[in-house]
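Taking it in order: structure first as C-alpha coordinates, then the write-up.
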Amino acid sequence: MFLPLGDEPNPRGAPVVTYGLIGVNVAVYCFVTLPLSAVRPDFDDPRVLEYVQLFARYLSRMSLDDFLQQISAYDLVVFRFGYRPAEPELTALFTSMFLHGGLMHLAGNMLFLWIYGDNVEHRLGPVRFLLAYLATGLAATLVHSVLDARSVVPVVGASGAISGVLGYYFIWFPRNRVRLLVMFPLMHIFYAPARLVLGIYLIVQNLFPFLASRGIEEGGGVAYGAHIGGFLAGLGSAWWAERRGVRVGPQEYRRAPAGVAADSVAAAREKIAHLMSGGRYDEAADAYFRVPSELSRRALAADDSITLSNWLANHGHPGAALVVYQRHLRDYPLGPYAAEAHLGAGLVQLHAQRQPAAAYQHLVAVFDCDPHPETAQHARAALADIASRQKFRVGSES
(Lines give C-alpha, C1' and ligand atoms only; values in the text may rest on other atoms or scores of the structure.)
Protein backbone atom coordinates (compact mmCIF):
# COMPACT_ATOMS: atom_id res chain seq x y z
CA MET A 1 0.00 0.00 0.00
CA PHE A 2 1.44 3.37 -0.99
CA LEU A 3 0.18 6.93 -1.09
CA PRO A 4 1.53 9.68 -3.37
CA LEU A 5 2.48 12.87 -1.55
CA GLY A 6 3.79 15.10 -4.34
CA ASP A 7 5.71 15.29 -7.58
CA GLU A 8 8.60 17.21 -9.06
CA PRO A 9 9.24 19.29 -10.99
CA ASN A 10 6.10 21.33 -10.53
CA PRO A 11 5.51 24.73 -12.13
CA ARG A 12 5.16 27.97 -10.23
CA GLY A 13 1.89 29.82 -10.21
CA ALA A 14 -1.63 28.82 -9.27
CA PRO A 15 -3.32 26.23 -11.51
CA VAL A 16 -6.66 27.99 -11.29
CA VAL A 17 -8.76 25.28 -12.96
CA THR A 18 -7.22 22.49 -10.87
CA TYR A 19 -7.83 24.43 -7.67
CA GLY A 20 -11.28 25.45 -8.90
CA LEU A 21 -12.26 21.83 -9.57
CA ILE A 22 -11.03 20.83 -6.14
CA GLY A 23 -13.01 23.71 -4.63
CA VAL A 24 -16.22 22.72 -6.43
CA ASN A 25 -15.93 19.07 -5.41
CA VAL A 26 -15.23 19.96 -1.79
CA ALA A 27 -18.08 22.48 -1.75
CA VAL A 28 -20.54 19.90 -3.10
CA TYR A 29 -19.43 17.48 -0.40
CA CYS A 30 -19.69 20.04 2.41
CA PHE A 31 -22.98 21.61 1.36
CA VAL A 32 -24.76 18.66 -0.25
CA THR A 33 -23.27 15.28 0.64
CA LEU A 34 -22.51 15.87 4.31
CA PRO A 35 -25.77 17.49 5.43
CA LEU A 36 -28.10 15.34 3.35
CA SER A 37 -26.38 12.12 4.44
CA ALA A 38 -27.75 12.75 7.92
CA VAL A 39 -31.31 13.51 6.76
CA ARG A 40 -34.02 10.90 6.29
CA PRO A 41 -35.89 11.21 2.99
CA ASP A 42 -39.52 12.18 2.69
CA PHE A 43 -41.18 8.81 2.22
CA ASP A 44 -44.04 10.47 0.37
CA ASP A 45 -41.54 11.37 -2.35
CA PRO A 46 -42.29 9.13 -5.37
CA ARG A 47 -38.55 8.75 -5.92
CA VAL A 48 -38.35 6.65 -2.74
CA LEU A 49 -40.72 4.08 -4.24
CA GLU A 50 -38.76 4.11 -7.51
CA TYR A 51 -35.52 3.68 -5.57
CA VAL A 52 -36.89 0.72 -3.61
CA GLN A 53 -38.31 -0.93 -6.71
CA LEU A 54 -35.02 -0.71 -8.58
CA PHE A 55 -33.05 -2.09 -5.66
CA ALA A 56 -35.66 -4.69 -4.67
CA ARG A 57 -33.23 -7.50 -5.48
CA TYR A 58 -31.25 -6.55 -2.38
CA LEU A 59 -34.29 -7.01 -0.11
CA SER A 60 -33.64 -10.74 0.01
CA ARG A 61 -30.69 -9.87 2.24
CA MET A 62 -32.64 -7.64 4.64
CA SER A 63 -36.15 -6.66 5.55
CA LEU A 64 -37.90 -3.75 3.88
CA ASP A 65 -37.89 -1.80 7.16
CA ASP A 66 -34.11 -2.26 7.54
CA PHE A 67 -33.60 -1.21 3.92
CA LEU A 68 -35.69 1.94 4.40
CA GLN A 69 -33.80 2.78 7.59
CA GLN A 70 -30.56 2.94 5.61
CA ILE A 71 -31.81 5.37 2.97
CA SER A 72 -30.76 9.01 3.32
CA ALA A 73 -31.78 12.11 1.41
CA TYR A 74 -28.34 12.04 -0.20
CA ASP A 75 -29.01 8.55 -1.58
CA LEU A 76 -31.89 10.06 -3.55
CA VAL A 77 -29.62 12.86 -4.80
CA VAL A 78 -27.14 10.24 -6.03
CA PHE A 79 -30.03 8.28 -7.52
CA ARG A 80 -31.20 11.38 -9.39
CA PHE A 81 -27.87 12.93 -10.43
CA GLY A 82 -25.55 9.91 -10.58
CA TYR A 83 -25.15 8.16 -13.91
CA ARG A 84 -27.08 4.88 -14.26
CA PRO A 85 -25.99 2.88 -17.33
CA ALA A 86 -29.36 1.12 -17.56
CA GLU A 87 -31.18 4.48 -17.66
CA PRO A 88 -28.68 6.98 -19.15
CA GLU A 89 -29.28 10.72 -18.94
CA LEU A 90 -27.14 13.38 -20.58
CA THR A 91 -27.08 15.74 -17.60
CA ALA A 92 -26.05 12.92 -15.28
CA LEU A 93 -22.86 12.45 -17.33
CA PHE A 94 -21.73 15.81 -15.93
CA THR A 95 -23.36 15.97 -12.50
CA SER A 96 -22.04 12.54 -11.53
CA MET A 97 -18.46 13.88 -11.74
CA PHE A 98 -19.02 16.17 -8.78
CA LEU A 99 -20.71 13.74 -6.36
CA HIS A 100 -18.79 11.37 -4.09
CA GLY A 101 -19.68 8.38 -1.98
CA GLY A 102 -17.88 9.53 1.16
CA LEU A 103 -15.01 11.48 2.63
CA MET A 104 -12.28 8.97 1.70
CA HIS A 105 -13.60 8.77 -1.87
CA LEU A 106 -13.41 12.55 -2.13
CA ALA A 107 -10.04 12.86 -0.37
CA GLY A 108 -8.34 10.26 -2.58
CA ASN A 109 -9.60 11.85 -5.78
CA MET A 110 -8.68 15.39 -4.74
CA LEU A 111 -5.20 14.30 -3.65
CA PHE A 112 -4.51 12.83 -7.09
CA LEU A 113 -5.93 15.91 -8.83
CA TRP A 114 -3.82 18.23 -6.66
CA ILE A 115 -0.60 16.29 -7.32
CA TYR A 116 -0.95 15.63 -11.05
CA GLY A 117 -3.31 18.32 -12.28
CA ASP A 118 -1.00 21.35 -12.12
CA ASN A 119 1.57 20.05 -14.61
CA VAL A 120 -1.09 18.96 -17.10
CA GLU A 121 -2.94 22.28 -16.75
CA HIS A 122 0.31 24.22 -17.22
CA ARG A 123 1.00 22.27 -20.42
CA LEU A 124 -2.53 22.58 -21.86
CA GLY A 125 -3.56 25.98 -20.52
CA PRO A 126 -6.64 26.54 -18.29
CA VAL A 127 -9.40 26.36 -20.92
CA ARG A 128 -8.05 23.33 -22.76
CA PHE A 129 -7.36 21.60 -19.44
CA LEU A 130 -10.96 22.06 -18.31
CA LEU A 131 -12.23 20.71 -21.63
CA ALA A 132 -9.83 17.76 -21.42
CA TYR A 133 -10.92 17.03 -17.84
CA LEU A 134 -14.61 17.00 -18.75
CA ALA A 135 -14.05 15.07 -21.99
CA THR A 136 -12.06 12.28 -20.36
CA GLY A 137 -14.62 12.17 -17.54
CA LEU A 138 -17.37 11.65 -20.11
CA ALA A 139 -15.30 8.99 -21.88
CA ALA A 140 -14.70 7.19 -18.59
CA THR A 141 -18.42 7.08 -17.74
CA LEU A 142 -19.35 5.92 -21.23
CA VAL A 143 -16.78 3.10 -21.12
CA HIS A 144 -18.26 1.97 -17.80
CA SER A 145 -21.74 2.22 -19.32
CA VAL A 146 -20.73 -0.07 -22.18
CA LEU A 147 -19.12 -2.60 -19.85
CA ASP A 148 -22.03 -2.62 -17.36
CA ALA A 149 -24.92 -1.62 -19.57
CA ARG A 150 -27.60 -3.22 -17.39
CA SER A 151 -26.45 -1.71 -14.11
CA VAL A 152 -28.97 0.43 -12.19
CA VAL A 153 -26.38 1.46 -9.60
CA PRO A 154 -25.49 5.15 -10.03
CA VAL A 155 -21.86 5.95 -10.85
CA VAL A 156 -20.48 8.98 -9.01
CA GLY A 157 -17.09 10.56 -8.49
CA ALA A 158 -14.32 12.45 -10.24
CA SER A 159 -12.17 9.32 -10.60
CA GLY A 160 -12.77 8.88 -14.33
CA ALA A 161 -11.86 12.48 -15.18
CA ILE A 162 -8.83 12.39 -12.88
CA SER A 163 -7.74 9.13 -14.49
CA GLY A 164 -7.81 11.05 -17.76
CA VAL A 165 -5.44 13.62 -16.24
CA LEU A 166 -3.15 10.75 -15.22
CA GLY A 167 -3.19 9.48 -18.81
CA TYR A 168 -1.97 12.88 -20.04
CA TYR A 169 0.68 12.89 -17.31
CA PHE A 170 1.86 9.39 -18.26
CA ILE A 171 2.69 10.52 -21.81
CA TRP A 172 4.00 14.01 -21.15
CA PHE A 173 5.92 13.72 -17.86
CA PRO A 174 7.32 10.16 -17.65
CA ARG A 175 10.59 11.24 -16.02
CA ASN A 176 9.00 13.28 -13.25
CA ARG A 177 9.50 11.91 -9.77
CA VAL A 178 6.68 11.08 -7.39
CA ARG A 179 7.18 11.06 -3.65
CA LEU A 180 5.47 8.04 -2.11
CA LEU A 181 4.53 7.12 1.43
CA VAL A 182 4.78 3.34 1.76
CA MET A 183 2.71 1.96 4.63
CA PHE A 184 3.70 -1.72 4.61
CA PRO A 185 5.62 -3.46 6.08
CA LEU A 186 7.21 -0.33 7.62
CA MET A 187 6.18 3.25 6.98
CA HIS A 188 8.78 5.10 4.92
CA ILE A 189 9.09 7.57 2.04
CA PHE A 190 10.85 7.12 -1.27
CA TYR A 191 10.82 8.47 -4.83
CA ALA A 192 9.75 6.62 -7.98
CA PRO A 193 9.49 7.56 -11.67
CA ALA A 194 6.04 8.90 -12.53
CA ARG A 195 5.53 6.41 -15.34
CA LEU A 196 6.14 3.49 -12.95
CA VAL A 197 3.72 4.87 -10.36
CA LEU A 198 1.00 5.51 -12.93
CA GLY A 199 1.60 2.12 -14.55
CA ILE A 200 0.96 0.48 -11.17
CA TYR A 201 -2.17 2.60 -10.78
CA LEU A 202 -3.49 1.43 -14.14
CA ILE A 203 -2.51 -2.23 -14.08
CA VAL A 204 -2.36 -3.29 -10.42
CA GLN A 205 -5.01 -1.01 -8.94
CA ASN A 206 -7.50 -1.07 -11.82
CA LEU A 207 -6.90 -3.59 -14.61
CA PHE A 208 -6.30 -6.61 -12.35
CA PRO A 209 -9.30 -5.83 -10.06
CA PHE A 210 -11.44 -5.16 -13.16
CA LEU A 211 -10.60 -8.58 -14.60
CA ALA A 212 -11.09 -10.26 -11.24
CA SER A 213 -14.49 -8.63 -10.74
CA ARG A 214 -15.93 -9.72 -14.08
CA GLY A 215 -19.05 -11.74 -13.36
CA ILE A 216 -19.30 -10.43 -9.80
CA GLU A 217 -22.42 -8.36 -9.21
CA GLU A 218 -21.63 -4.60 -9.45
CA GLY A 219 -17.89 -5.27 -9.44
CA GLY A 220 -17.50 -4.73 -5.71
CA GLY A 221 -18.75 -1.12 -5.84
CA VAL A 222 -15.77 0.36 -7.73
CA ALA A 223 -16.12 1.39 -11.38
CA TYR A 224 -12.74 0.05 -12.50
CA GLY A 225 -13.84 0.21 -16.13
CA ALA A 226 -14.40 3.97 -15.79
CA HIS A 227 -10.90 4.44 -14.36
CA ILE A 228 -9.37 2.46 -17.22
CA GLY A 229 -11.49 4.24 -19.83
CA GLY A 230 -10.58 7.69 -18.51
CA PHE A 231 -6.88 6.83 -18.35
CA LEU A 232 -6.87 5.50 -21.92
CA ALA A 233 -8.76 8.58 -23.15
CA GLY A 234 -6.13 10.88 -21.62
CA LEU A 235 -3.33 8.65 -22.86
CA GLY A 236 -4.63 8.68 -26.43
CA SER A 237 -5.26 12.43 -26.45
CA ALA A 238 -1.77 13.23 -25.16
CA TRP A 239 -0.15 10.80 -27.61
CA TRP A 240 -2.06 12.32 -30.52
CA ALA A 241 -1.14 15.87 -29.47
CA GLU A 242 2.53 14.88 -29.11
CA ARG A 243 2.56 13.21 -32.51
CA ARG A 244 0.75 16.11 -34.14
CA GLY A 245 3.30 18.55 -32.72
CA VAL A 246 6.06 16.70 -34.55
CA ARG A 247 4.06 16.17 -37.74
CA VAL A 248 2.61 19.66 -38.27
CA GLY A 249 4.98 22.39 -39.36
CA PRO A 250 5.52 25.49 -37.20
CA GLN A 251 3.19 28.45 -37.69
CA GLU A 252 5.83 30.81 -39.08
CA TYR A 253 6.62 28.40 -41.94
CA ARG A 254 3.03 27.55 -42.86
CA ARG A 255 2.92 29.67 -45.98
CA ALA A 256 1.02 29.16 -49.23
CA PRO A 257 0.70 25.45 -50.07
CA ALA A 258 3.72 24.25 -51.97
CA GLY A 259 4.00 20.59 -51.13
CA VAL A 260 6.75 18.44 -52.54
CA ALA A 261 5.74 15.44 -54.62
CA ALA A 262 7.00 12.08 -53.42
CA ASP A 263 9.25 11.61 -56.42
CA SER A 264 10.99 14.94 -55.79
CA VAL A 265 11.77 14.50 -52.09
CA ALA A 266 15.33 13.46 -52.92
CA ALA A 267 15.75 16.67 -54.90
CA ALA A 268 14.39 18.66 -51.97
CA ARG A 269 16.93 17.02 -49.65
CA GLU A 270 19.76 17.97 -52.01
CA LYS A 271 18.43 21.53 -52.17
CA ILE A 272 18.27 21.80 -48.35
CA ALA A 273 21.82 20.49 -47.99
CA HIS A 274 23.05 22.92 -50.65
CA LEU A 275 21.36 25.90 -48.96
CA MET A 276 22.80 24.97 -45.58
CA SER A 277 26.30 24.56 -46.97
CA GLY A 278 26.00 28.14 -48.21
CA GLY A 279 24.80 29.42 -44.83
CA ARG A 280 21.30 30.23 -46.16
CA TYR A 281 19.54 28.70 -43.16
CA ASP A 282 16.24 30.57 -43.40
CA GLU A 283 15.79 29.37 -46.98
CA ALA A 284 16.84 25.88 -45.95
CA ALA A 285 14.22 25.87 -43.19
CA ASP A 286 11.58 27.06 -45.63
CA ALA A 287 12.50 24.28 -48.05
CA TYR A 288 12.57 21.70 -45.26
CA PHE A 289 9.09 22.55 -43.98
CA ARG A 290 7.70 22.36 -47.51
CA VAL A 291 8.50 18.64 -47.51
CA PRO A 292 5.32 16.78 -46.44
CA SER A 293 5.67 15.63 -42.84
CA GLU A 294 5.09 11.99 -43.73
CA LEU A 295 8.05 12.19 -46.13
CA SER A 296 10.33 14.20 -43.85
CA ARG A 297 12.05 11.27 -42.16
CA ARG A 298 15.80 11.77 -42.42
CA ALA A 299 15.29 14.64 -44.85
CA LEU A 300 18.21 16.14 -42.97
CA ALA A 301 21.45 14.41 -42.08
CA ALA A 302 22.03 14.17 -38.34
CA ASP A 303 24.58 16.99 -38.20
CA ASP A 304 22.52 19.23 -40.50
CA SER A 305 19.45 18.59 -38.35
CA ILE A 306 21.21 19.88 -35.23
CA THR A 307 22.79 22.78 -37.09
CA LEU A 308 19.46 23.93 -38.53
CA SER A 309 17.54 23.56 -35.27
CA ASN A 310 20.24 25.45 -33.34
CA TRP A 311 20.11 28.25 -35.93
CA LEU A 312 16.32 28.45 -35.65
CA ALA A 313 16.48 28.53 -31.84
CA ASN A 314 19.06 31.34 -31.89
CA HIS A 315 17.28 33.44 -34.54
CA GLY A 316 13.80 33.86 -33.14
CA HIS A 317 12.09 30.67 -34.32
CA PRO A 318 11.77 28.54 -31.13
CA GLY A 319 8.64 26.71 -32.32
CA ALA A 320 10.30 25.68 -35.55
CA ALA A 321 13.48 24.71 -33.70
CA LEU A 322 11.52 22.45 -31.34
CA VAL A 323 9.89 20.65 -34.27
CA VAL A 324 13.29 19.99 -35.87
CA TYR A 325 14.77 18.81 -32.56
CA GLN A 326 11.81 16.46 -32.05
CA ARG A 327 12.04 15.14 -35.61
CA HIS A 328 15.76 14.55 -35.08
CA LEU A 329 14.91 12.40 -32.04
CA ARG A 330 12.29 10.60 -34.13
CA ASP A 331 14.80 9.93 -36.92
CA TYR A 332 17.94 9.35 -34.83
CA PRO A 333 16.68 8.36 -31.33
CA LEU A 334 19.97 6.73 -30.26
CA GLY A 335 22.14 8.02 -33.05
CA PRO A 336 24.55 10.88 -33.39
CA TYR A 337 23.72 14.16 -31.67
CA ALA A 338 20.77 12.70 -29.71
CA ALA A 339 22.08 14.32 -26.53
CA GLU A 340 22.37 17.68 -28.29
CA ALA A 341 18.81 17.34 -29.63
CA HIS A 342 17.47 16.62 -26.14
CA LEU A 343 19.40 19.57 -24.76
CA GLY A 344 18.17 21.92 -27.49
CA ALA A 345 14.55 20.82 -27.11
CA GLY A 346 14.77 21.20 -23.34
CA LEU A 347 16.24 24.70 -23.54
CA VAL A 348 13.55 25.84 -25.99
CA GLN A 349 10.79 24.52 -23.74
CA LEU A 350 12.39 26.00 -20.65
CA HIS A 351 13.25 29.49 -21.85
CA ALA A 352 11.03 30.22 -24.86
CA GLN A 353 7.90 28.25 -23.98
CA ARG A 354 8.19 28.47 -20.18
CA GLN A 355 7.38 24.78 -19.76
CA PRO A 356 9.89 23.59 -17.13
CA ALA A 357 8.27 20.19 -16.56
CA ALA A 358 8.25 19.43 -20.29
CA ALA A 359 11.86 20.65 -20.55
CA TYR A 360 12.84 18.40 -17.64
CA GLN A 361 11.95 15.28 -19.66
CA HIS A 362 14.48 16.19 -22.38
CA LEU A 363 17.18 17.46 -20.04
CA VAL A 364 17.20 14.28 -17.96
CA ALA A 365 17.28 12.23 -21.18
CA VAL A 366 20.55 13.95 -22.16
CA PHE A 367 22.40 11.72 -19.70
CA ASP A 368 21.07 8.56 -21.34
CA CYS A 369 22.87 9.48 -24.58
CA ASP A 370 26.54 9.51 -23.52
CA PRO A 371 26.73 13.31 -23.84
CA HIS A 372 29.80 15.40 -24.55
CA PRO A 373 31.04 16.99 -21.26
CA GLU A 374 30.01 20.45 -22.43
CA THR A 375 26.52 19.21 -23.35
CA ALA A 376 26.20 17.54 -19.96
CA GLN A 377 27.32 20.74 -18.22
CA HIS A 378 24.64 22.78 -20.02
CA ALA A 379 22.01 20.17 -19.13
CA ARG A 380 22.99 20.25 -15.43
CA ALA A 381 22.79 24.05 -15.41
CA ALA A 382 19.31 23.94 -16.96
CA LEU A 383 18.15 21.30 -14.45
CA ALA A 384 19.41 23.50 -11.62
CA ASP A 385 17.44 26.37 -13.14
CA ILE A 386 14.30 24.21 -13.15
CA ALA A 387 14.88 23.26 -9.52
CA SER A 388 15.09 26.94 -8.58
CA ARG A 389 11.80 27.64 -10.38
CA GLN A 390 9.75 25.02 -8.54
CA LYS A 391 6.60 26.04 -6.75
CA PHE A 392 7.71 23.79 -3.91
CA ARG A 393 10.05 20.89 -3.47
CA VAL A 394 8.58 17.60 -2.37
CA GLY A 395 11.57 16.84 -0.17
CA SER A 396 15.14 15.62 -0.26
CA GLU A 397 16.32 12.09 -0.78
CA SER A 398 18.11 10.51 2.16
Just by distance, no angles: are the side chains of [X] and [Y] close enough, under 3.5 Å, to form a donor-acceptor pair?
X      : Y      : answer
Tyr168 : Asn119 : no
Tyr169 : Asp7   : yes
Arg80  : Thr91  : no

Taking everything shown except [X] itself, do over 12 heavy atoms lie less than 6.0 Å from its [atom1]?
X      : atom1 : result
Gln377 : CD    : no
Tyr116 : OH    : yes
Leu334 : CG    : no
His315 : NE2   : yes

Is a salt bridge present between [X] and [Y], judged by a nitrogen-to-oxygen distance below 4.0 Å?
X      : Y      : result
Arg327 : Asp331 : no
Arg84  : Glu87  : yes
Glu242 : Arg123 : yes

Is the backbone N or O of Ser159 less than 3.5 Å from a side-chain atom of Ser163, with the two atoms forming a donor-acceptor pair by type? yes

Tell me the closest heavy-atom pair linking Met276 and Leu300, and the distance in Å. SD-CD2, 4.1 Å

Would Ser145 and Tyr83 count as a side chain to side chain contact (heavy atoms under 4.5 Å, CB included) if you check the C-alpha gap in whole Å, the side-chain angles of each, and the deciding distance to 0.1 Å? CA-CA 9 Å; Ser145 185; Tyr83 186 82; 3.6 Å; yes

Taking Val204 as the starting point, is it possible to reach Val222 by hopping between hydrophobic residues whose side chains are less than 4.5 Å apart? yes

